[in-house]
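The next block holds one structure in the form of structure tokens; read it before the comments.
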Number of protein chains: 2
Amino acid sequence: MRQAQQARAKATVDAVVEAAARILAEAGWPAVNTNAIARRAGVSVGSVYEYFPNKQAILDVIIDRHLTEAEETLAAAASSLAGVTDTGVLVEALVAGFVRLHENDPRLHRALSSEVPVSPAQRARVEALRKRTISLLAAALAPNVSDPGIRATLLVDTADALAHRWLIDEVGLPLPADRMASEATKMLKGYLLS
Amino acid sequence: MRQAQQARAKATVDAVVEAAARILAEAGWPAVNTNAIARRAGVSVGSVYEYFPNKQAILDVIIDRHLTEAEETLAAAASSLAGVTDTGVLVEALVAGFVRLHENDPRLHRALSSEVPVSPAQRARVEALRKRTISLLAAALAPNVSDPGIRATLLVDTADALAHRWLIDEVGLPLPADRMASEATKMLKGYLLS
DNA sequence: CCAAAATCCGAATAATTGCTCAATAATATA
DNA sequence: TATATTATTGAGCAATTATTCGGATTTTGG
């Protein structure tokens with residue numbers, strides 16, 4: 001195993017990761033094997049093992065990429081909402097953020113969140129991201145609501161879980177997903193006024 | 001493959017299913033292989049294939065068992081709540097029902113809902129159960145709330161998703177899970193009054 | 001242009017795993 | 001008790017898959 005130096009080697013690395021992500025999204029984790037990845041990437045198995053120590057390492061790149069995207073989304077939201085304490089605006093931003101995060105590549109998202117083996121370190125990173133989201137929201141709510149930690153936990157977990165269910169699981173809904181999302185927003189806003 | 005007739009054969013079948021369920025709960029789906037199942041069941045691989053056409057069939061028994069349990073829980077709740085239209089009582093029963101369903105064997109529950117391969121027929125059965133729960137709740141809400149179908153969808157999906165997250169995923173909470181559940185109940189009740 | 005380094009190749013290996021089958025044992029039946 | 005039926009066994013087959021490695025090819029730097 002070595003580091004990619006030349007441009008074509010970097011292209012190989014990218015092709016391998018992309019091929020694995022596409023197979024994962026289209027056919028699920030059981031279909032992701034090293035020979036299929038190499039074929040799809042237009043590369044030989046040998047080349048795969050030039051740059052990745054094992055199959056799991058390829059998956060790890062995909063997982064890390066998604067976690068990083070989520071972390072950046074949170075950071076962007078936190079900075080653009082700095083100083084905002086209007087609970088209605090905060091709830092709308094929360095729901096919109098989770099919707100945005102889940103509507104990209106839903107098949108891949110589903111595979112990542114419910115097929116693929118996730119390491120303890122990656123689980124910890126997910127939990128840390130959740131905790132950070134809750135903390136930021138709790139701090140923003142603190143001036144206007146009681147029990148901000150409890151309320152923020154409920155808000156974040158509800159928004160995340162409903163976005164999952166409605167956008168990723170292919171589940172029957174009485175309204176389009178975006179209208180269900182505004183219904184959820186209504187519920188969460190009401191909760192903050194109680 | 002044959003049907004178990006003698007008592008010891010039925011014991012073998014049970015031991016195989018139980019062994020598979022225990023391995024699944026303790027070590028996850030990748031650890032569930034036929035040799036491990038046989039060893040854990042105190043039986044030889046040959047005996048396993050005497051009563052199950054393949055490995056998937058063992059898993060199917062476990063899945064069917066859980067789906068049946070959920071269906072029975074719904075049926076029991078529906079009959080014990082027949083005629084009830086008090087929205088507060090309905091929401092409390094809904095949350096309590098999902099909590100009860102998720103607090104049994106959470107490890108197994110987690111493996112079943114996010115590791116294991118589920119057939120289209122089984123997915124359909126899960127969706128049918130969800131739809132039936134929503135319909136029953138919507139009918140009970142109809143006299144007292146507007147848009148009962150939309151509201152029931154939101155109530156059921158929220159209660160289910162939060163029970164999952166809080167009881168099955170091992171996630172940090174600012175209060176014990178049961179107190180979080182009553183907080184969720186409060187939120188859902190408020191939503192029905194809006 | 002040439003040697004060294006980097007990259008790529010893919011048949012072969014090793015390990016795992018679902019599953020079979022021929023032989024053996026236990027139980028039922030007459 | 002004798003025979004047939006049912007049940008159990010576990011070594012081994014077949015298929016799949018992750019990974020290796022010796023050698024071919026391409027690129028780089030002098």
Side-chain angles (χ1 to χ4, degrees), chain A residues 1-63 111 115-119 122, chain B residues 1-63 111 115-119 122:
Chain A
M1 214 207 79
R2 51 176 74 195
Q3 273 288 17
Q5 300 191 345
Q6 305 176 2
R8 65 172 174 158
K10 280 170 190 151
T12 295
V13 170
D14 282 356
V16 166
V17 173
E18 275 311 307
R22 273 185 236 122
I23 296 171
L24 184 56
E26 291 169 16
W29 175 242
V32 180
N33 63 67
T34 53
N35 295 301
I37 294 172
R39 201 178 326 121
R40 181 83 173 236
V43 142
S44 91
V45 238
S47 291
V48 172
Y49 282 89
E50 263 335 298
Y51 305 107
F52 298 92
N54 53 45
K55 173 179 150 178
Q56 184 65 37
I58 304 171
L59 176 63
D60 287 344
V61 171
I62 300 174
I63 294 177
E115 290 186 11
V116 135
V118 176
S119 74
Q122 288 162 340
Chain B
M1 215 205 82
R2 52 175 72 194
Q3 273 289 16
Q5 300 191 346
Q6 304 176 3
R8 66 173 173 153
K10 281 171 190 151
T12 296
V13 170
D14 282 356
V16 166
V17 173
E18 277 309 308
R22 273 184 237 122
I23 296 171
L24 184 55
E26 290 169 15
W29 176 241
V32 180
N33 63 66
T34 52
N35 295 301
I37 295 172
R39 199 179 326 121
R40 180 83 172 238
V43 142
S44 88
V45 236
S47 292
V48 173
Y49 282 90
E50 217 47 60
Y51 305 106
F52 297 93
N54 51 47
K55 175 181 150 177
Q56 184 64 37
I58 304 170
L59 176 64
D60 287 345
V61 171
I62 300 174
I63 294 177
E115 289 187 11
V116 135
V118 176
S119 73
Q122 288 161 340

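We name chains A, B, ... by the order of the sequence lines, and we start the count at 1 in each one.
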Quiz item: Can a side chain N or O of A:Thr34 be found less than 4.0 Å away from OP1 or OP2 on D:dA18?
Solution: yes

Quiz item: Is there a side-chain polar atom (N or O) of A:Gln5 under 4.0 Å from OP1 or OP2 of C:dA6?
Solution: yes

Side-chain heavy-atom pair [X], [Y] within 4.5 angstrom cut-off:
X: B:Ile58; Y: B:Val48; answer: yes
X: A:Ser47; Y: A:Val16; answer: no
X: A:Leu24; Y: A:Val116; answer: yes
X: B:Tyr51; Y: B:Arg2; answer: yes
X: A:Asp14; Y: A:Glu18; answer: no

Whole angstrom is fine here: how far is it from [atom1] in [X] over to [atom2] in [N]?
X: B:Asn33; N: D:dA15; atom1: CG; atom2: C1'; value: 16 Å
X: A:Arg39; N: C:dC8; atom1: CZ; atom2: C1'; value: 18 Å
X: A:Lys10; N: D:dT28; atom1: NZ; atom2: P; value: 11 Å
X: B:Gln6; N: C:dT29; atom1: CD; atom2: C1'; value: 12 Å

Quiz item: Which heavy atom of A:Ala31 sits nearest a heavy atom of A:Ala36, and at what distance?
Solution: O-CB, 4.1 Å

Practice problem: Check B:Ala4 against B:Ala9 and note the closest heavy-atom contact, atom names and distance. | Solution: CB-CB, 3.7 Å

Practice problem: Classify the nucleic acid contact of A:Ala38 as base, sugar-phosphate or nothing, counting any heavy atom under 4.0 Å across all strands shown. | Solution: nothing

Exercise. Please list residues of residues 46-62 of chain A whose heavy atoms come under 4.0 Å from any atom in DNA chain C, ordered by number; otherwise none.
Key: A:Gly46, A:Ser47, A:Glu50, A:Tyr51

Quiz item: Heavy atom of residues 12-24 of chain B under 4.0 Å from DNA chain C: which residues?
Solution: none

Self-check item: Contiguous pairing runs of three or more, Watson-Crick or G-U under 3.5 Å, that involve DNA chain D
Solution: C:1-30 with D:1-30

Exercise. By nearest nucleotide on DNA chain D, pick out whichever of B:Ala9 and B:Val45 is the more 5' one.
Key: B:Ala9

